[in-house]
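Before any comments, here is the structure.
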Amino acid sequence: MYRGYEAVIGIEIHVQLNTDSKMFCADSTLFNAGDNENTSPVSVGMPGTLPVVNKKAIEFAIKTGLALECEIRKKSVFSRKNYFYPDLPKGYQISQYDQPICEHGTITFKVGDKTKTVSITRAHLEEDAGKSIHQGEFTMINYNRAGIPLLEIVTGPDMRTPQEAADYGRTIRQIVRYLGVCDGNLEEGSMRCDCNVSVRKVGVEKFGTRTELKNINSFRFVEKAIEYEIERQIDMLERGEKITQETRLWDPDKNKTFAMRTKEDAHDYRYFPDPDLKPLVVSEELIRRIRSELPELPIAKKTRFVSAHGLPEYDAEVLTSEKDLADYYEMTAKICLNHKAASNWIMTEVLRELNSNNLEVKASPVKAAQLGQLIALIDKGTISGKIAKVVFMEMWKTSKDPEVIVKEKGLIQISDPLTIEKIVDEVLAANAQQVEDHKSGKKKNLFGFFVGAVLKASKGQANPELVNEILQKKLNG
Amino acid sequence: MDLIQASIVDIAEAVKTKKVSAKEVITQFIRRAENLNPKLNAYTSFNKDAVKEAEAIDVRLAKGEEIGALAGVPFGLKEMFCTKGLVTNAGSKILQNFIPPYDATVVERLKKAGAIVTGKLNQDEFAMGSSNETSFYGNVKNPWNLECVPGGSSGGSAAAQAARLCAGALGTDTGGSIRQPASFCGIVGVKPTYGRVSRYGIIAYASSLDQAGPMVSTVKDAALTMEVISGHDERDSTTSQRKVPSWSKELSANVKGLKVGLIKEYMQGGLHVDVQKTVDQAIAGLKSLGAEIIEVSIPMTEFSIPVYYLIAASEASSNLARYDGVKYGYRAEFTNLSAVELDDFYGKTRGQGFGKEVKRRIMLGTYCLSSGYYDAYYNKAGQVRRMIVNQYKEAFAKCDVILSPVTVSPAFKIGERVSDPLTMYLNDIYTTSTNLAGLPGMSVPFGMSAEGLPVGVQLTAGHYEEQKMLNVGYALEGISSVKGKTPNV
Amino acid sequence: MIDKKTIKHIAKLARLEITEDEADEYSQQLGKAMAHFEQISKVDTTGIEPLVTPTEIDDFWREDVATQEFTPEEMTSNAPAKAGNLFKVPPVV
Ligand SMILES: [Mg+2]
Ligand SMILES: [Zn+2]
């Protein structure tokens, strides 16, 4: 709550669908192409060219819609949104207007320790515009991006705090990455977040005048921009001023939002159904197929990891943050049959090494199955936990299987009591003075010293439990 | 063999059997076209590579390669068809010097079948007009009477074909633009079922109405050309995936027992006497061949002109938004581009680049789609359009084809009807409903006016029933008093 | 008649610069045409879905396969103004 006001926030996220070709033509969608390299007569809007829908884009839209618990329209319609701008090659954008492919969904996520549910009003397919590059006195246009498929996901005005808004965005990002429909890269513009923000006095039902915040390329900035905007609007209202409905751009350097230069003319987009595209008819069978292929979503996965695997909430949360990581964990656990250990190893060793080497889990030199084998070696008593850490680092460096490393380096745990007893005897003989001190009680806590010395003498290979047992017998027996 | 007067079927046969070389054929046609074009202004440009392309066909033939159905046949193309490497301007200043890096699908298919492109043919600007007087590249003259219009919008195609400046031509038809000039110039013009022929690479006027088709000398040539250009195109998702019939092989003049419908609402008089006479003769002719004449009713036809113009203008206003001086075509002169306001940039470029009629229709369409008017105009027109389609479906449950006039009169004088746009629009009364309903339609030359101007009759059939229509056209052609008559240019 | 203010607004929406004379002309001509077209309001269209594509055409969706058929030079070769392979327009900041 802000000075007796409440904020009302709705979000539109443009998700760039991860297809190989564009929404309506076969141009490549690769990000790093030369100027206008990913273009063709269709995407440059040349005369006589026509759009043909990309099947994959439709499937991705349905997949996302289903994950967001939307109803999928059996018949949706592509319309033309008419306006003039140099980055818009045809003078209209093909977009879904009154009959979007996905409608009436919801999404539930955690904000701190509270659960928040937000309604998804609609998710519709459309094509992206090109890019304007401002160079000196002119503007240059690159149409590489023109025609890339977008799914615009629109929420109801359901969020009340900047944190909720940011967490909503993070959740959408997590879901589309889980689904494999978008890489979720905000900096490259694969996801674009527009936030509608208004404030009203607490207890008032009517919405205040809203502003639309654009140009926000991280969820941290979503939070900051909304925070700033709420304060700005309240300041204005407190001064008795009126909020103007406008689009504002977030400036991350100044930490402020600025009104975009507006046209005097209100927009009149003259939407009408695109006669070049028939209505998009989606069969029940296609929807059923896509639904059956839907991966387990983060929230369900997390719940399962906690209840069925007995993992702590926090660990389950971290492991399910990315689908690849969750898959890595499940594969590891499947091999070693030890959920806790698998989780612990990933949470500590694996994530530490991934982070410090700036690697995605997919690129980990230690594969999940190998990590599973490593944990299994510990559990079988083949190596000690301590040695395992050494083996892990060697695996990280060489990508070799743990058994190979253990064999090559002779790291198998010594579990033969006679061999250990021999080492113990040697250590005790070499440390006669300490043995004396221990027995006379002159020095306390020497037991640990002996354990360490024995382990060291065995190059860490002696089974620590046996070492303990034998030392106990020899010193205190 | 008189190549110039020969049919497409005969030319292709002669070339394939090496009775004549493709080079000889194209050379004769290009020579004639270059000589006579100054009189007609039918061509806007010639294909400089035509002879070379013909030679390539001859080389392939010599090697024993199989060449398609149109081997060595010289084809002229309306300016609406994008042609790789050849200027394509849609009759507009705004596309002057535009050279597409691609061929329209139909052009690709013509070429693949062995046709040689002679050049590009004049037309009304963006196909908006019925007299070829809106072209930025000047009027086209009717080869039967140089003071008359050839009709439009495919006026250049009709004039060139009638004067035999090509062996075949392609036109486009949005509200009658193939059939009306075909009637005015005494040739056969066919608009196929909507969805039969790919629109890819054909400059769009009104996407839900546009369809390309042949403008040729005989019904069989039309059937053959249609076989080449029709069929599904992966670049146009509004093309049907149905198999293309062998129309030319199946062609039959036997109309015995066929039911020919006459639209009751069209029989209210007001027709030019020579048109009435021609239609009456056609009816009598078909009767004598054993066809049964019945009356059908399309009450909604009364609204076809308003519905057509509301829909066509709305779609056009959006289709023509891409002409903005950014990517290709005309851009207004600016002394200092860096100081130009964007709205000014667009306003001047488009204000200067489009001609009057085109601007009028863009304005009309923008108005119909604008906030507050959409429901009353565009949406309402779409509803009435469905009613028109349904009434045609009912009519075609009772008859095989419908016979009607193409136009209210034979070709009129240049300049006679330009002053009032609405009057000009109302002339399209007999042709627009075919496009609204997506039906195949054709004009077959059948009569001659007292002034010596050709008059055609129109045939339409149900969706994808081109064969029935072509057969009746073939029968009419067989008994036509004007068959083989050509203008003296 | 369609009033001149509306005509000017429509011309602006359509990005067509028109003169006063043209505005007068359009106001008359479009007014006359619309008055005629207006007659469709007489038709009772209750419950009728508007039609766009008039014939039956099977659905066709492309497979998601990227191809490169054109060079950026070809795509910009008709540009009224360009810089390298970019289209050049007035400043739009
Ligand atoms: Mg939006
Ligand atoms: Zn959008």
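Any value given below was found using the heavy atoms of this structure, including those in side chains, with hydrogens, waters and symmetry copies removed. Letters A, B, ... are given to chains in the order of the sequence lines, protein chains preceding strands, and every chain is numbered from 1.
Two residues are said to be in side-chain contact when any heavy atoms from C-beta on lie closer than 4.5 Å; B:L310 and C:M34 meet this criterion. Under the 4.5 Å side-chain criterion, counting only non-hydrogen atoms from C-beta, C:F60 is not in contact with B:T239. You'll find the side chain of B:S240 stays beyond 4.5 Å of the side chain of C:T55, heavy atoms only. Using a 4.5 Å cut-off on side-chain heavy atoms (C-beta onward), B:Y367 and C:L30 make no contact. At least one side-chain heavy atom of B:D344 sits under 4.5 Å from a side-chain heavy atom of C:E17. The shortest side-chain heavy-atom distance between B:I305 and C:Q39 does not fall under the 4.5 Å cut-off.
Using a 4.5 Å cut-off between heavy atoms, B:F345 contacts chain C through its side chain alone, with no backbone atom that close. Looking at B:S237, both its backbone and its side chain come within 4.5 Å of chain C, counting heavy atoms on both sides. Heavy atoms of B:V340 lying under 4.5 Å from chain C belong to its backbone as well as its side chain. For B:Y377, the parts sitting under 4.5 Å from any heavy atom of chain C are the backbone and the side chain alike. Using a 4.5 Å cut-off between heavy atoms, B:Q352 does not touch chain C at all. When heavy atoms are compared at a cutoff of 4.5 Å, B:N390 does not approach chain C at all.
Using the six-membered ring where Trp is involved, C:F37 and B:Y425 have ring planes that are parallel, under 30° apart on the 30 and 60° scheme.
Ranking C:E22, C:K82, C:R62, C:E56 against chain B, the residue ahead of the rest is C:E56, based on heavy-atom pairs under 4.5 Å. Most heavy-atom pairs under 4.5 Å with chain B, from the set C:E38, C:E74, C:K42: that is C:E38.
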Begin with the C-alpha distance, continue with both residues' side-chain angles, and end with the deciding distance and a verdict on ring-ring contact (aromatic ring centres under 6.0 Å, His included) for C:H36 and B:Y309. CA-CA 11 Å; C:H36 179 78; B:Y309 276 95; 9.4 Å; no

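A donor-acceptor pair under 3.5 Å is formed between the side chain of B:R385 and the backbone N or O of C:V52.
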